[in-house]
**Student:** 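Here you go, one structure.
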Amino acid sequence: MPGQALPPPCTFLNVGQAFTGTQNVSSGQKDEAWKVNVRLQGCDIQKGYLCGSMEALNVPSAETPVVTFWEGEIVDNKNYTFFTGQWDATRDTDVNHWDKFPSFAALKEDVKRDGGRSVDLANYPFMFMRWKEKFFVNVGTDCGLTIAGFYYVCFSRSNGSVNGFYYDPNSSPYQKLELMATNEGRSGYSFATYKFQ
Amino acid sequence: MPASAAWARPEELVESLSSLDNTARLKALRDVKNQIIGNKTKKLSYIKLGAVPRVVEILASDTEVPLLVQSAAAVGSFACGIEAGVKAVLDSGVLPHLLKMLSNGDNKVVEACARSLKMIFQSTLAPKSDMFQGHRMELIIELLNSENDSVAEVAASVLARCCETVDHQRALADAGGLQSLVGLLNGSLKTREAALDALAALTRGNKQLCSTLTCMDQGKSLAMIMKLVKDKSSRTRLLACTCLANIGKASPSSLHQEREIRAGMLSILVKLFDEPGQVGEEAPGVLADLVSNNEDLQKVAMDMNSIEKLAEFLRKDEISPKQLAGVLMALAELCSRFEDSRKQLLDLKVQAPIIAALEHDSVGVRAAACSCIKSLSRSVQNLRTGLTDELLVLPLLKLLSDSSSDIQALALSAVSNIVLDFKPHKAVVFRCGGVSQLIQLSQSMDPILRLNAVWALKNLLYMSDKTVKERVMGELTFNSLVDLIFDSEEKVREQAMALVRNLVYGDVDSVQLALVQDSVLLHAVEKQLHVSTQPEICIQGLYIVSNVAAGNEVHKEAVMDIVIPVTSVGVNRNTSLLMRYLQDMSNPQIRVVALWCVINLTFPNSPGVSSRISRLRDGGIEAQLQSMVDDPCLDVKDRAKTALEHFSAVEVHSR
């Protein structure tokens, strides 16, 4: 996919940035929500890569907070497209999940036609991503939560909000993740930095 | 009659080497030569008896062909396979005589001298820069054009061995070496291989000579080398790949249209891994050079399963240092950019031999092991899942005091990654004594070591807790940090600023570190913001003041006094630091961070916000913000809007 410009940097995607919010499970049988904290630990726009930790607090089925490590793919039409192509997600699954985000409406027809390869994502106010949890950091796999699926994510460049829908054929559909960039209670935003050698 | 009975006693034989009688000298020479061939003990005992200077003397002053041939052959024998022999012949000053004799009219003399030179130049003791003194280089280059194939061959192999620096490469090229070597590619197998070997030495890391070679004879020379990649001889294939790898590394696009050729070279090299001897030994290192800085080829190499093949070598009990270094370098290159490669290598469970290689006797192996660890540790996931184990950290930290400063620098860059364990307390590196070492190295006279040490300390402080910050600053001291902020090296200054940024990141206690000791850090940063013309340094400086502005009222006011000071005539419109950076059109990131600074200074619900806002307004900042909502950079636009919201909130509030 040559010729596609990469998305320009956004300060809310700086390493160390924290996000906080909730995850909701609403289905016929249950209606649950728990608090979620996310911290970005790595971001490489060139490779369309990001990663971080996700902490789920007061999960009804878990005894302690559950921390996972996740890796993300940025849909940039260079490294990754709207089509997932793995994790049991079909193109229909993809479109149905992306379609849950209002900001996707303007792109929907293009994506259905050719995967949205010609869409200029570099100048779009929202960034679409997939976040896939890789392993549990502090608990075993018997903690009452699963990491089998992944999140379709829509990130707002303007205010750092994150919306996500979890997809796992074996879990309740469309579990919703809602996060906001946070300054962690400080009276301003501060930014840490590291760089690999 | 046993053979030994025919020989005189060694002492007498040595005496006879200086006999005035030509026949006696010749006989003594033959006898000595025959005794020492393949016999280390005999070589050593004749060296002790002082035979070598006498042999060399014959070469220097005799004119009879048989004497010259025999003395040259004896010199070669002494120098063959034993370092003490090489040292003895070199100490006797044989080199100029051997070189001179290469122009002798008699072919047998020339060939014997050529063979001896080759022996000498196979040793690591062989003189290198010596060969560039006086007219020696011109002589050797002349010999490249010799009618005699073995002379040309030896001249090329001497060049291959002694060309080590950019100055050597330039001197050789200026004297016409490149052209002559290319001419030898049509010669016999041995000559061709010696010529390729020399061409590889001449082009290694030399952009200019690579491009000269590429363009030579309208690309015909290059085409010839490309053809040799598929030669019958495995050594020719390897050496041709080496030359092309050099060319590809120096100017990645020069072979761009021949992507298939390079991919083809990769598969040739991978097959050469299994060759016995020198070829198999050197092939991994050539692969490392070939894929260096070339993501495209790294992917191709991964698809050829080369990571697994290379890792196999690490499981072998016996592997030569040269091969081990090559294997580790190749793995380092293949894992430098791709997370998938790192995962693949770690899944192969060869960490133990890589870690063991950190303590290898050979400098080359230690360097390659450091590079490999450095590549593997360029991954958040790997750092979170085991690469920060003491088993690895301890031997790596040991290399920070290695006798080679190159190793120290490499180890430091690996440590820079390793200290990012994404745990706030950084316990392992403290427990292993690493922090003190880093602080000491940050005061090194060597700019590379200083840079890498400050880089590592910056990474160490990333999201670290209060104890870590206190311990680092207790040992580093604020004054030394200020010195680093004003270091003579630009890159060190940038890293020192980034270090301060991490130091003052976080809660109020962290921010307060900018103000201790009469705000020594903040003053230093202020000065850099005034004088620096380097965008990278300015960006770090702006992040520092922005982080400080996220603190309490005192901190915010301290930042106000820097970025928009009040003078005796009031706030200076349009000349403040803040205005200067908000208007900086050279780099959008500068404007973004300057905007974050405004956002933090005007953060809602802090007690002094309305007075700060009116001062910023007086300084023309609000008007500037209004002009920035149409900025070409998306991030600038969004942050300008947020800042303006802060201004209008206070306006509403005060009415």
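We use all heavy atoms of the structure for the numbers below, so side chains are in, but hydrogens, waters and symmetry mates are not. Within every chain, numbering begins at 1; the chains are lettered A, B, ... in the order of the sequence lines, protein sequences first and strands thereafter. The structure displayed is predicted, hence computed values, not measured ones.
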**Student:** Could you pull out the closest heavy-atom pair between Ala192(A) and Arg501(B), with the gap in Å?
**Tutor:** O-NH2, 3.1 Å

**Student:** For Ser377(B), is it the side chain, the backbone, both or neither that has a heavy atom under 4.5 Å from a heavy atom of chain A?
**Tutor:** backbone

**Student:** Please name the pair of heavy atoms, one in Met463(B) and one in Gly16(A), separated by the smallest distance, quoted to 0.1 Å.
**Tutor:** SD-CA, 3.5 Å

**Student:** Let me know if Phe69(A) has heavy atoms under 4.5 Å from chain B in its side chain, its backbone, both or neither.
**Tutor:** side chain

**Student:** Of all the heavy-atom pairs spanning Ser190(A) and Gly506(B), show the shortest one and how long it is.
**Tutor:** OG-N, 3.7 Å

**Student:** What part of Gln46(A) gets within 4.5 angstrom of chain B, counting heavy atoms only: side chain, backbone, both, or neither?
**Tutor:** neither

**Student:** Lys47(A) and Glu295(B): which non-hydrogen atoms are nearest, and at how many Å?
**Tutor:** NZ-OE2, 2.8 Å

**Student:** Give the minimum heavy-atom separation between Val380(B) and Phe196(A), together with the two atoms involved.
**Tutor:** N-CZ, 3.9 Å

**Student:** Looking at chain B, which one of Asn159(A), Val15(A), Asn183(A), Asn123(A) has the largest number of heavy-atom pairs inside 4.5 Å, strictly under?
**Tutor:** Val15(A)

**Student:** For residues Asp635(B) and Thr11(A), report the shortest heavy-atom separation together with the two atoms involved.
**Tutor:** OD2-N, 3.0 Å

**Student:** Relative to chain B, which segment of Cys51(A) carries a heavy atom at a distance below 4.5 Å: side chain, backbone, both, or neither?
**Tutor:** side chain

**Student:** Checking Asn14(A) against Tyr543(B) for the side chain to side chain contact (heavy atoms under 4.5 Å, CB included) test, could you report, in this order, the C-alpha distance in whole Å, the side-chain angles of both residues, the deciding distance, and whether it holds?
**Tutor:** CA-CA 12 Å; Asn14(A) 268 344; Tyr543(B) 269 121; 3.4 Å; yes

**Student:** Can you tell me which portion of Lys637(B) sits under 4.5 Å from chain A's heavy atoms? Options are side chain, backbone, both or neither.
**Tutor:** neither

**Student:** Okay, side chain of Asn459(B), backbone of Tyr194(A): is any donor-acceptor separation there less than 3.5 Å?
**Tutor:** no

**Student:** Chain A heavy atoms under 4.5 Å from Ala498(B): which part of the residue, side chain, backbone, both or neither?
**Tutor:** both

**Student:** Validate the cation-pi geometry between Arg186(A) and Tyr505(B): distance from NZ or CZ to the six-membered ring centre under 6.0 Å, angle to the ring axis within 45°.
**Tutor:** yes

**Student:** Looking at Lys343(B), Gln540(B), Gln589(B), which makes the most heavy-atom pairs under 4.5 Å with chain A?
**Tutor:** Lys343(B)

**Student:** Under 4.5 Å from any heavy atom of chain A, what part of Ser379(B) do you find: side chain, backbone, both or neither?
**Tutor:** backbone

**Student:** Quick check for you: to the nearest 0.5 Å, what is the distance between Leu542(B) atom CG and Phe191(A) atom CZ?
**Tutor:** 12.0 Å

**Student:** Quick check: does any side chain N or O of Asn502(B) sit under 3.5 Å from a backbone N or O of Thr193(A), one acting as donor and the other as acceptor?
**Tutor:** yes

**Student:** In chain order, what residues pass the ring-ring contact (aromatic ring centres under 6.0 Å, His included) check against Phe136(A), with sequence neighbours excluded?
**Tutor:** none

**Student:** Which of the residues Val592(B), Leu420(B), Asn605(B) is involved in the greatest number of heavy-atom pairs with chain A at under 4.5 angstrom?
**Tutor:** Leu420(B)

**Student:** Need one label for Ile418(B): side chain, backbone, both or neither, based on atoms under 4.5 Å from any heavy atom in chain A.
**Tutor:** neither

**Student:** Tell me whether Lys195(A) forms a cation-pi arrangement with Tyr462(B), defined as NZ or CZ under 6.0 Å from the six-membered ring centre and within 45 degrees of its axis.
**Tutor:** no

**Student:** Is Arg384(B) in contact with chain A via its backbone, its side chain, both, or neither, using a 4.5 Å heavy-atom distance?
**Tutor:** side chain

**Student:** Kindly compute the distance separating CD (Gln41(A)) from CG (Leu383(B)), expressed to the nearest 0.5 Å.
**Tutor:** 10.5 Å

**Student:** Would you give the length of the straight line joining atom CD of Glu71(A) to atom CD of Gln381(B), rounded to the nearest 0.5 angstrom?
**Tutor:** 4.5 Å

**Student:** Quick one: pull up CG in Asp638(B) and OG in Ser158(A) and give me the separation to the nearest 0.5 Å.
**Tutor:** 5.0 Å

**Student:** What part of Ser416(B) lies closer than 4.5 angstrom to a heavy atom of chain A: side chain, backbone, both or neither?
**Tutor:** side chain

